[in-house]
There are 4 protein chains.
Amino acid sequence: MANFVSRRQFTVEWSQCDPAGIVFNARFFEFFDWGTWLLFEAALGVRPPDLAGAFGIVGLPLVDAGARFLAPARFGDVVELTSQVSEFRRSSFDVEHRLMIRGELTVEGRETRVWAVRDPANPAQIKAQPIPADVIARFRET
Amino acid sequence: MANFVSRRQFTVEWSQCDPAGIVFNARFFEFFDWGTWLLFEAALGVRPPDLAGAFGIVGLPLVDAGARFLAPARFGDVVELTSQVSEFRRSSFDVEHRLMIRGELTVEGRETRVWAVRDPANPAQIKAQPIPADVIARFRET
Amino acid sequence: MANFVSRRQFTVEWSQCDPAGIVFNARFFEFFDWGTWLLFEAALGVRPPDLAGAFGIVGLPLVDAGARFLAPARFGDVVELTSQVSEFRRSSFDVEHRLMIRGELTVEGRETRVWAVRDPANPAQIKAQPIPADVIARFRET
Amino acid sequence: MANFVSRRQFTVEWSQCDPAGIVFNARFFEFFDWGTWLLFEAALGVRPPDLAGAFGIVGLPLVDAGARFLAPARFGDVVELTSQVSEFRRSSFDVEHRLMIRGELTVEGRETRVWAVRDPANPAQIKAQPIPADVIARFRET
């Protein structure tokens with residue numbers, strides 16, 4: 001039973017490219033962030049700015065990220081970004097992002113994020129919290 | 001009697017350049033923001049993250065900005081950024097930024113910012129407040 | 001007879017916002033750049049990466065830019081960006097950008113750009129060139 | 001025999017932080033890029049914009065990148081960035097980046113890059129090339 005997949009299409013902008021004429025690598029991590037917010041919006045039906053309030057969390061802080069760059073993405077290329085939770089654990093989860101251009105896999109990304117709440121013992125700190133079962137359930141494709 | 005001038009030197013990074021091999025225009029407005037924080041730190045002796053707390057403001061929101069691009073700034077160029085308040089008004093002020101490369105004026109920028117506090121009648125809103133005279137005084141070069 | 005207007009709708013991303021929770025000012029100049037490319041694509045029927053080749057130019061270098069920030073743009077806000085050439089001169093032109101959020105004008109921007117070719121006398125330099133009449137004509141709304 | 005380590009100190013800017021008040025994750029990959037250019041400049045004695053010309057390469061394209069985020073980096077924090085080649089292979093190499101704040105490891109990054117030349121058979125393509133032995137030798141600390 002696969003998890004829900006969000007999809008977004010966009011075109012590579014001049015502002016995202018470097019002197020080699022291709023998307024600067026850090027921009028892909030920005031795209032992954034777009035993908036994760038969209039995925040949670042699509043799965044949970046909550047607008048991104050309302051996510052924290054709706055679930056009593058401070059956010060979904062990133063603890064690990066990575067990418068494989070298989071081919072360059074150029075100015076004007078049309079990108080299909082798909083994002084999917086590949087694994088839910090007790091209080092953290094992995095998101096996989098795939099960027100396709102003209103049907104070819106161009107960049108693969110992954111993020112590990114935490115379901116984080118304010119620490120009641122020390123409100124200046126955050127701490128991981130178990131992900132509610134009904135949140136996880138809403139990511140299951142039906 | 002001129003106002004205090006802050007100075008910062010930095011080198012143009014690959015990540016700041018576009019496919020034309022020159023600094024992408026939006027990056028200059030990021031540099032201007034760096035300049036304004038540095039200027040206030042230098043004039044007031046307060047670290048940027050402590051500025052709001054030290055003066056009971058919510059920040060220095062930008063209401064107008066502009067730039068003239070006289071020559072390109074290229075990867076590896078050494079930039080001298082100078083920033084200066086050109087005019088204090090009752091509750092707003094103008095900052096002028098100049099970027100020099102190899103002694104030539106490359107970009108001129110200006111920002112208009114507001115001395116802003118949380119509105120006591122509606123804490124979700126901010127409102128302009130007169131700039132304290134002793135703040136203005138500390139920008140005068142002696 | 002007004003000039004052609006391009007329109008783009010997008011949602012403010014987390015990655016575009018600063019610690020005040022609003023779009024960081026430099027990002028608006030990135031949005032203006034998106035708007036200008038889109039405007040030229042819509043008016044001239046040429047994909048952005050093909051623009052230089054199709055017209056024998058090196059690009060549309062920016063010589064002046066500015067913005068008025070009338071209200072904050074927040075994470076999740078839906079932005080309507082309209083872009084329009086407000087004036088064509090012999091070899092330069094002005095583009096006006098307007099960002100509307102919930103029907104309210106939020107940011108106004110302007111760019112002055114040059115129709116630029118490689119200098120035949122010195123290919124390392126660029127120089128302004130008269131904008132072809134048929135280019136200007138295609139921006140007239142019919 | 002360890003490889004050469006480059007060091008750079010900088011302060012976290014407002015423009016690099018997100019609504020959580022901490023450096024937005026993609027910015028760290030921009031910092032890693034800064035680190036790699038600096039490392040090659042320091043080891044090889046060649047200014048970054050001259051690197052490609054000096055060695056007949058098109059650049060050092062990134063094929064893989066990753067980061068572990070151990071603690072947040074906040075506005076105003078002073079960052080010590082160290083960068084080091086952890087392994088040279090025939091035509092690719094790994095760079096390790098470490099960001100320390102107040103003596104604590106905050107973010108660990110890694111990049112895999114390729115020593116790339118223009119493909120003589122197809123100049124629109126690039127291909128990996130063996131890294132010259134004297135390049136590798138200059139990274140050895142003496």
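Since this is a predicted model, take the numbers as computed values, not measurements.
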Distance-only check: which donor-acceptor pairs of chain A and chain D lie under 3.5 Å?
residue	atom	partner	partner atom	Å
A:V63	O	D:F69	N	2.9
A:A65	N	D:A67	O	2.9
A:A65	O	D:A67	N	2.8
A:A67	N	D:A65	O	2.8
A:A67	O	D:A65	N	3.0
A:F69	N	D:V63	O	2.9

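- Looking only at heavy-atom pairs under 4.5 Å with chain D, the residue among A:G66, A:A67, A:P19 that has the most is A:A67.
- Chain D forms more heavy-atom pairs under 4.5 Å with one residue of A:V63, A:I22, A:V58 than with any other, namely A:V63.
- Proximity to chain A (any heavy atom under 4.5 Å) is restricted, for D:F24, to the side chain, taken from C-beta onward.
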